> 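Here it is, the structure in full.
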Amino acid sequence: TFTTLSISSLKHHLKTHSDEKRHVCHLCLKAFRTATLLHNHVNVHTRTRPYKRSDCDTAFVTSGELSRHRHYKHTLEKRFRCSLCKYSCVEASKMKRRTRSHTGERPSACDLCSYASKDAYKLKRHMVTHSGEKPYECYVCHAKFTQSGTVKIRMLQKHGENVPKYQCPHCSIFIAQKSDLRIHLRNLHSHMAVAIKCSYCEAVFHERSAFIQHKKTHRNEKRFKCDQCSYACMQEQRLIVHKQTHTGEKPFTSLCCNKSFQREQLLSLHFRKHHDSNIKPTAYECSKCGKGYSLW
DNA sequence: CTTCATGTCGCCCTCTGCTGGTTTGCG
DNA sequence: ACGCAAACCAGCAGAGGGCGACATGAAG
């Protein structure tokens, strides 16, 4: 529904409905409706870029390209605004793409799996997961990768100097990747609704990192304490043996002379001192469980 | 007819962030 | 020596910027 007040304008408009393309490119035989379109096309072949900007060293084949460049890089004018969010952009096609992320529409479907993307490029990128192709190579160590971004990060972290690291604001540790710092924060510094209780004392913690720090304070502590005297030690087994001094229990008995000992080592010493060194390995047994012991 | 602004489709790029397997260091 | 947790690392997808090429429409 084209309307105009001028006859010549109508005539011009009618030509746009015509399939007639009289202007043929002598380099590739492609045909165009107008001489200007052909002219622009030939400029592509000849790499002639008449539309220039003096201040940023860029040049384009058409005025449209220059105009758009101006919006992107100089005026920063974003005429298209999303009605659903605060996103704005220079081009209508970008707005269309943005709208798809609101609607969830995924028109580009993979014919090898269930994946579908919002735009053609993502589908193309996805297809390398089926081909197994790794088109990006590290020029230092020649390791290959599926995406350009991955090789860039690899280059920086393996071969770069002054590699950026991400520091945790809570414990000052440096972590190589931002997303790993996020995981670190989540696992170690986030508040837990259910507190962890220290198994050595009464302390409780809502943050894992604080709990780990606290545990270290128990590391060299003599936390196994005798309830009958002031004796304390770091190992539970030692406390059990110690307690025998209070009970008078002597579980290790020599079968040779019937003499009993509190500890295996004492029985062992007794054997070496008083009995034949050729004695058989199961020469004594525990009075509690009946287990036989070999000492040498 | 030409020029210019604007529109449209498509391509490629980078940045970003999540995921899950692997390696490493510590208790 | 072993097991576990944390960091490392590559794969992969989401989102958005910028431009190539060409079409359309208004105005001179």
Side-chain angles (χ1 to χ4, degrees), chain A residues 2-6 8-17 21 23 25 30-45 47 49-51 58-73 76 78-80 82 85 87-98 100-102 104 106 108 110 115-130 132 134 136 138 143-154 157-158 165-166 168 171 173-188 208-209 212 215-216 218-219:
Chain A
F2 177 81
T3 49
T4 181
L5 294 172
S6 100
S8 69
S9 184
L10 177 63
K11 275 182 183 169
H12 176 68
H13 169 78
L14 285 171
K15 280 185 183 173
T16 67
H17 293 301
K21 291 180 173 178
H23 305 269
C25 171
K30 193 170 175 179
F32 297 87
R33 213 166 35 74
T34 69
T36 311
L37 288 176
L38 173 62
H39 187 66
N40 285 341
H41 171 81
V42 172
N43 280 346
V44 173
H45 284 301
R47 297 203 169 95
R49 292 166 176 258
Y51 297 89
T58 50
F60 301 89
V61 169
T62 66
S63 63
E65 289 162 28
L66 176 61
S67 163
R68 187 175 52 184
H69 166 84
R70 204 164 48 229
H71 286 132
Y72 268 121
K73 295 291 188 184
L76 308 178
K78 294 177 175 181
R79 296 186 301 121
F80 300 90
C82 180
C85 68
Y87 175 76
S88 58
C89 54
V90 170
E91 291 177 273
S93 64
K94 301 295 180 283
M95 200 66 250
K96 215 183 263 179
R97 192 170 63 181
R98 175 72 198 179
R100 280 204 288 268
S101 73
H102 287 305
R106 290 168 179 268
S108 307
C110 174
Y115 176 74
S117 79
K118 290 165 190 166
D119 63 64
Y121 174 70
K122 286 188 192 66
L123 176 62
K124 188 178 177 185
R125 189 177 61 180
H126 163 83
M127 293 316 284
V128 305
T129 69
H130 293 302
K134 293 187 175 183
Y136 302 93
C138 169
K144 293 189 169 182
F145 301 89
T146 55
Q147 289 185 9
S148 63
T150 312
V151 73
K152 191 176 176 184
I153 287 169
R154 153 78 175 222
Q157 287 181 347
K158 287 273 172 183
K165 289 250 183 183
Y166 300 89
C168 172
C171 63
I173 188 181
F174 284 95
I175 291 175
Q177 290 194 12
K178 208 176 179 180
S179 57
D180 285 328
L181 173 61
R182 239 188 301 275
I183 292 167
H184 168 89
L185 288 170
R186 195 168 59 214
N187 289 344
L188 291 159
R208 207 177 139 68
S209 164
I212 290 166
K215 263 208 308 197
K216 288 177 184 169
H218 289 299
R219 198 187 285 164

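Just so you know, these numbers come straight off a predicted model, no measurement behind them. Letters A, B, ... mirror the listed sequences (proteins, then strands); counts begin at 1. In what follows, every heavy atom counts, from backbone to side chain, and hydrogens, waters and symmetry copies are set aside.
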> CG/A:Asp180 to SG/A:Cys168 distance, rounded to the nearest 0.5 angstrom?
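Taking CG in A:Asp180 and SG in A:Cys168, the distance rounds to 12.5 Å.
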> Which whole-number value in Å describes the distance from A:Ile175 CD1 to C:dC9 C1'?
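From A:Ile175 CD1 to C:dC9 C1': 14 Å.
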> Taking only the side-chain nitrogens and oxygens of A:Lys78, find out if one of them lies under 4.0 Å from OP1 or OP2 of C:dG17.
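Answer yes for this pair, as a side-chain N or O of A:Lys78 is under 4.0 Å from OP1 or OP2.
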> Does a side-chain N or O from A:Tyr87 land closer than 4.0 Å to OP1 or OP2 of C:dG17, or not?
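Checking A:Tyr87 against C:dG17: at least one side-chain N or O falls below 4.0 Å of OP1 or OP2.
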> Closer than 4.0 Å, any side-chain N/O of A:Arg154 to the OP1 or OP2 of C:dC9?
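Looking at the OP1 and OP2 atoms of C:dC9, neither is under 4.0 Å from any side-chain N or O of A:Arg154.
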> Among residues at least two apart in sequence or on other chains, which ones pass salt bridge (Lys or Arg N to Asp or Glu O under 4.0 Å) with A:Lys118?
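In terms of salt bridge (Lys or Arg N to Asp or Glu O under 4.0 Å), with neighbours along the sequence ignored, A:Lys118 is linked to no residue.
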> Name the pairs: protein N/O against N/O of nucleotides 6-8 of chain B, kept only if under 3.5 Å.
| unit_1 | atom_1 | unit_2 | atom_2 | d |
| --- | --- | --- | --- | --- |
| B:dG7 | OP2 | A:Arg79 | NH2 | 2.4 |

> I want to verify a distance call: between C:dG18, C:dC8, C:dA15, whose nearest atom is closest to the A:Lys165 side chain?
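Among C:dG18, C:dC8, C:dA15, the one nearest the side chain of A:Lys165 is C:dC8.
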> Looking at the side chain of A:Phe60, which of C:dA10, C:dC22, C:dC19 is the nearest nucleotide?
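Among the listed nucleotides, the one closest to the side chain of A:Phe60 is C:dC19.
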> Going by number, which of residues 120-128 of chain A have a non-hydrogen atom under 4.0 Å from DNA chain C?
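Correct list: A:Lys122, A:Arg125, A:His126.
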> Between A:Tyr115 and C:dG14, does any side-chain N or O lie under 4.0 Å from OP1 or OP2?
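Looking at the OP1 and OP2 atoms of C:dG14, one of them is under 4.0 Å from a side-chain N or O of A:Tyr115.
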> Judged by atom type as modelled, is there a donor-acceptor pair below 3.5 Å linking the side chain of A:Arg106 to the main-chain atoms of A:Ala116?
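Confirmed, A:Arg106 side chain pairs with A:Ala116 backbone.
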> Once you apply a heavy-atom cut-off of 4.0 Å, does A:Ile183 come out as touching a base, just sugar-phosphate, or nothing?
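Result for A:Ile183 = base.
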> Just to confirm, is there a sub-4.0 Å distance from OP1 or OP2 of C:dC19 to any side-chain nitrogen or oxygen of A:His69?
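Yes.
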> To the nearest Å, give me how far apart CD (A:Gln147) and P (B:dT14) are.
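Spelled out: CD on A:Gln147 to P on B:dT14 is 11 Å.
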> For the residue pair A:Arg208 and A:Asn187, establish whether any side-chain heavy-atom pair is separated by less than 4.5 Å.
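No; the side chains remain at least 4.5 Å from each other.
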> Yes or no on side chain to side chain contact (heavy atoms under 4.5 Å, CB included) for A:Thr58 and A:Lys73, after CA distance, side-chain angles and deciding distance?
CA-CA 11 Å; A:Thr58 50; A:Lys73 295 291 188 184; over 6 Å; no
> So, under a plain 3.5 Å distance rule, would you say the side chain of A:Lys94 forms a donor-acceptor pair with the base of C:dG18?
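Present.
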> Between C:dA15, B:dC15, C:dA10, which one does the side chain of A:Lys152 approach most closely?
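So the nucleotide nearest the side chain must be B:dC15.
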> Does OP1 or OP2 of C:dA15 have a side-chain N or O of A:Lys118 closer than 4.0 Å?
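Checking C:dA15 against A:Lys118, a side-chain N or O does come within under 4.0 Å of OP1 or OP2.
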> Assign A:Ser179 to base, sugar-phosphate, or nothing according to its heavy-atom contacts below 4.0 angstrom with the strands shown.
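Here A:Ser179 touches the bases of the nucleic acid.
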> Between A:Arg49 and C:dG20, does any side-chain N or O lie under 4.0 Å from OP1 or OP2?
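For A:Arg49, the contact criterion (side-chain N or O under 4.0 Å from OP1 or OP2 of C:dG20) is met.
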> Would you kindly say whether A:Thr62 and A:Glu65 are connected by a side-chain donor-acceptor distance under 3.5 Å?
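Note: A:Thr62 and A:Glu65 side chains meet the donor-acceptor criterion.
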> Choosing from B:dC12, B:dT14, C:dA10, which nucleotide comes nearest the side chain of A:Arg97?
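So the side chain of A:Arg97 is nearest to B:dC12.
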> Strictly below 4.0 Å: does A:Thr129 bring a side-chain N or O up to OP1 or OP2 of C:dG11?
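No, no such contact exists.
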> Could you work out which one of C:dA13, C:dT24, C:dC8 sits closest to the side chain of A:Leu37?
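Among C:dA13, C:dT24, C:dC8, the one nearest the side chain of A:Leu37 is C:dT24.
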> Return the value, rounded to whole Å, for the distance between atom CG of A:Asp180 and atom P of B:dG21.
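From A:Asp180 CG to B:dG21 P: 15 Å.
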> Could you grab the distance from atom CD of A:Glu91 to atom OH of A:Tyr72, nearest 0.5 Å is fine?
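So the CD of A:Glu91 and the OH of A:Tyr72 are separated by 3.5 Å.
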> Mind calculating the distance between CD (A:Gln177) and C1' (C:dA7) to the nearest angstrom?
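Atom CD in A:Gln177 sits about 10 Å away from atom C1' in C:dA7.
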> Within the structure, does a side-chain N or O atom of A:Arg182 lie under 4.0 Å from either OP1 or OP2 of B:dT16?
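Checking A:Arg182 against B:dT16: no side-chain N or O falls below 4.0 Å of OP1 or OP2.
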> Taking only side-chain nitrogens and oxygens of A:Lys134, does any of them come within less than 4.0 Å of OP1 or OP2 of C:dA10?
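So the side-chain polar atoms of A:Lys134 never come under 4.0 Å of the phosphate oxygens OP1 or OP2 of C:dA10.
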> Roughly how many Å is it from CG in A:Asn40 to C1' in C:dC22, rounded to a whole number?
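So the CG-C1' distance, A:Asn40 to C:dC22, works out to 8 Å.
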> Base, sugar-phosphate, or nothing: which does A:Thr146 touch, judged by heavy atoms less than 4.0 Å apart?
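Touches sugar-phosphate only.
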> Just the rounded figure in Å: distance from P of C:dG20 to OH of A:Tyr51.
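Rounded to the whole Å, the gap is 15 Å.
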> Under the criterion side chain to side chain contact (heavy atoms under 4.5 Å, CB included), I'd like the reasoning laid out for A:Arg125 against A:Lys122: C-alpha separation, chi angles, the key distance, then a yes or no.
CA-CA 5 Å; A:Arg125 189 177 61 180; A:Lys122 286 188 192 66; 4.0 Å; yes
> Inspect the surroundings of NE2 in A:His39 and state if more than 12 heavy atoms from other residues, nucleotides or ligands are less than 6.0 Å away.
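No, because the 6.0 Å sphere around NE2 of A:His39 holds 12 heavy atoms or fewer from other groups.
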> Please report the distance, rounded to the nearest Å, between OH in A:Tyr136 and P in C:dG11.
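After rounding, the reported distance stands at 13 Å.
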> Looking for any heavy atom pair under 4.0 Å, which part of the strands does A:Arg208 touch: base, sugar-phosphate only, or nothing?
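Answer is sugar-phosphate: A:Arg208 comes under 4.0 Å of backbone atoms only.
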> Does the pair A:Gln147 and A:Val128 meet the rule for a side chain to side chain contact (heavy atoms under 4.5 Å, CB included), with working shown?
CA-CA 9 Å; A:Gln147 289 185 9; A:Val128 305; over 6 Å; no
> Can you tell me how far the OG1 atom of A:Thr150 sits from the CZ atom of A:Phe145, to the nearest 0.5 Å?
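Here the interatomic distance stands at 7.5 Å.
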> Apply side-chain hydrogen bond (donor to acceptor under 3.5 Å, both in side chains) to A:Ser117 and A:His126, showing your working.
CA-CA 9 Å; A:Ser117 79; A:His126 163 83; over 6 Å; no
> Output the rounded distance in Å from OH (A:Tyr72) to C1' (C:dG18).
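Interatomic distance, OH of A:Tyr72 to C1' of C:dG18: 6 Å.
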